[in-house]
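Scroll down for the structure; my scribbles are underneath it.
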Amino acid sequence: MTATLGSRTIRKNPRKNISKIILKKVVPPAVALIVFLVIWQILCLNPNFKLPGPIETFSETWDPFIIHPFFDNGESDKGLGWQILNSLGRVGLGFSLAAIVGIFLGILIGANKLLYSAVDPIFQVLRTVPPLAWLPISLAAFQQANPSAIFVIFITSIWPILINTTVGVQQIPQDYINVARVLRLKGPKYFIKIVFPATVPYIFTGLRIGIGLSWLAIVAAEMLVGGVGIGSFIWDAYNTTTETNLSEIILALIYVGLVGLMLDRLVGFVASKVVPEEQK
């Protein structure tokens with residue numbers, strides 16, 4: 001591939017660019033991971049260190065949890081694939097509700113100074129309540145485990161979405177508002193042309209924080225409400241602790257971390273496509 005600059009011809013080598021990307025993005029994390037695994041394995045050589053090493057963890061969970069992640073023996077005896085999908089279903093529902101309500105209320109509150117002054121102290125108090133502190137209230141209100149877990153996700157993830165959206169609306173440049181007045185933009189047109197483009201970076205910041213909190217909350221909530229889910233799997237394995245179960249818990253934690261990373265990157269990818277380039 002070549003490009004012309006004045007009288008000079010610049011040759012671009014795709015292979016060289018790929019090599020640079022690999023050296024910068026792939027090699028450092030791979031080296032760090034190898035160092036971490038080696039240190040972990042060395043620590044496990046100490047007989048007083050009770051956790052299984054990476055080799056033992058891998059060998060003990062290979063069959064069925066790694067090669068058969070979707071086995072189903074009925075009730076809660078299911079593979080990690082099913083456990084994670086059930087947790088993701090709850091997260092998807094709770095987070096979607098939080099996004100809809102949080103964005104709507106954030107725009108409404110951010111656009112009204114009197115309303116903001118009235119509710120901001122209440123929101124600042126409620127957002128500091130730990131996720132699991134809401135669980136007894138949700139269980140008392142819904143009388144069922146699944147809606148209770150979804151409510152915990154909702155109430156945990158709504159605050160960063162609501163607060164960031166509110167701040168975004170309050171930070172709309174005065175020039176934008178003046179243009180809207182000149183063009184007489186009102187209602188849906190004002191939202192589409194002025195509010196949304198100006199606040200979308202703040203909204204996606206809140207969504208990115210919220211999805212991480214949602215995943216944290218569901219794992220904790222499922223440990224208490226039971227059923228099928230990655231949190232319930234970890235808690236059940238802990239309650240019947242053996243050396244093999246410790247390996248299962250470690251593998252489940254790795255899966256939790258990987259899924260959390262994927263959710264964060266997914267929201268970040270959507271943001272990169274939606275947020276205008278000049279606002280990034």
Side-chain angles (χ1 to χ4, degrees), residues 86-172 191 195-196 198-227 229-232 234-235 256-257 259-261 263-264 266-268 270-271 274-275:
N86 275 272
S87 296
L88 283 174
R90 297 186 183 105
V91 167
L93 183 54
F95 177 73
S96 297
L97 291 172
I100 294 169
V101 175
I103 292 172
F104 175 78
L105 288 180
I107 292 172
L108 184 65
I109 295 168
N112 190 312
K113 293 183 179 180
L114 180 61
L115 183 59
Y116 172 79
S117 299
V119 301
D120 181 63
I122 299 173
F123 289 164
Q124 294 301 330
V125 170
L126 292 178
R127 75 181 182 88
T128 61
V129 177
L132 289 185
W134 292 102
L135 192 58
I137 295 176
S138 61
L139 285 170
F142 297 104
Q143 300 293 317
Q144 294 182 17
N146 200 50
S148 299
I150 293 171
F151 174 78
V152 170
I153 297 167
F154 169 83
I155 202 68
T156 301
S157 59
I158 191 173
W159 305 119
I161 300 171
L162 192 157
I163 292 171
N164 276 275
T165 303
T166 300
V167 172
V169 174
Q170 292 173 335
Q171 296 298 318
I172 294 177
F191 172 77
V195 176
F196 183 75
T199 59
V200 69
Y202 295 89
I203 291 173
F204 272 96
T205 298
L207 291 174
R208 197 162 185 177
I209 297 172
I211 193 65
L213 293 177
S214 296
W215 191 237
L216 291 174
I218 188 58
V219 172
E222 286 177 344
M223 286 184 175
L224 299 182
V225 300
I230 192 65
S232 301
I234 293 171
W235 189 245
V256 167
V259 172
L261 176 64
L263 291 174
D264 178 77
L266 178 61
V267 177
V270 175
V274 175
V275 177

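Bear in mind that the values here come from a model prediction, so they are computed numbers and not experimental data.
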Is there side-chain contact between S148 and L135, with heavy atoms separated by less than 4.5 Å?
-> yes
Could you pull out the closest heavy-atom pair between P131 and T156, with the gap in Å?
-> CB-OG1, 3.4 Å
Can you find a heavy atom in the side chain of L88 that is under 4.5 Å from one in the side chain of W215?
-> yes
Could you give the distance from CZ (R127) to CD1 (I155), rounded to the nearest 0.5 Å?
-> 13.5 Å
Take atom CZ in F104; do more than 12 heavy atoms of anything else shown fall under 6.0 Å from it?
-> no
Measuring from L162:CG to I107:CD1, what's the distance to the nearest 0.5 Å?
-> 10.5 Å
Within a strict 4.5 Å, meaning less than it, do heavy atoms of the P160 and L213 side chains meet?
-> yes
Taking D120 for the side chain and Y116 for the main chain, is one N or O donor matched with an acceptor at less than 3.5 Å?
-> no
Drop me the distance from L132's CG to L216's CG, to the nearest 0.5 angstrom.
-> 10.5 Å
Side chains of L97 and I153: closer than 4.5 Å at any heavy-atom pair?
-> no
Just how far is it from atom CZ of F204 to atom CG of N164, taken to the nearest 0.5 Å?
-> 12.5 Å
For A149 and I218, which heavy atoms make the closest approach, and how far apart are they?
-> CB-CD1, 4.1 Å
What closest approach, in Å, do V152 and S138 show between heavy atoms, and which atom pair accounts for it?
-> CG2-OG, 4.0 Å
Nearest-0.5 Å distance, CD of residue E222 to CG of residue N86 | 7.5 Å
If the plane angle is over 60° it's perpendicular, under 30° parallel, otherwise tilted; pick one for W134 and F151.
-> perpendicular
pair Y202-T205: side-chain heavy atoms closer than 4.5 Å = no
Contact check, side chains of F123 and T166, non-hydrogen atoms, under 4.5 Å | no
Determine the minimum heavy-atom distance between L207 and A99, stating which atoms define it.
-> CD2-CB, 3.8 Å
Keeping the roles fixed (side chain from T199, backbone from T165), state whether a donor-acceptor pair exists under 3.5 Å.
-> no
Shortest non-hydrogen contact from F95 to G210?
-> CE1-C, 3.7 Å
Heavy-atom closest pair (Q143 atom, A140 atom, distance to 0.1 Å) is NE2-O, 2.7 Å
Distance from I103 atom CD1 to I203 atom CD1, nearest 0.5 Å?
-> 5.0 Å
Any side-chain heavy atom of N146 within less than 4.5 Å of one from V225?
-> no
Check: I230 main-chain N/O paired with S87 side-chain donor or acceptor under 3.5 Å = yes
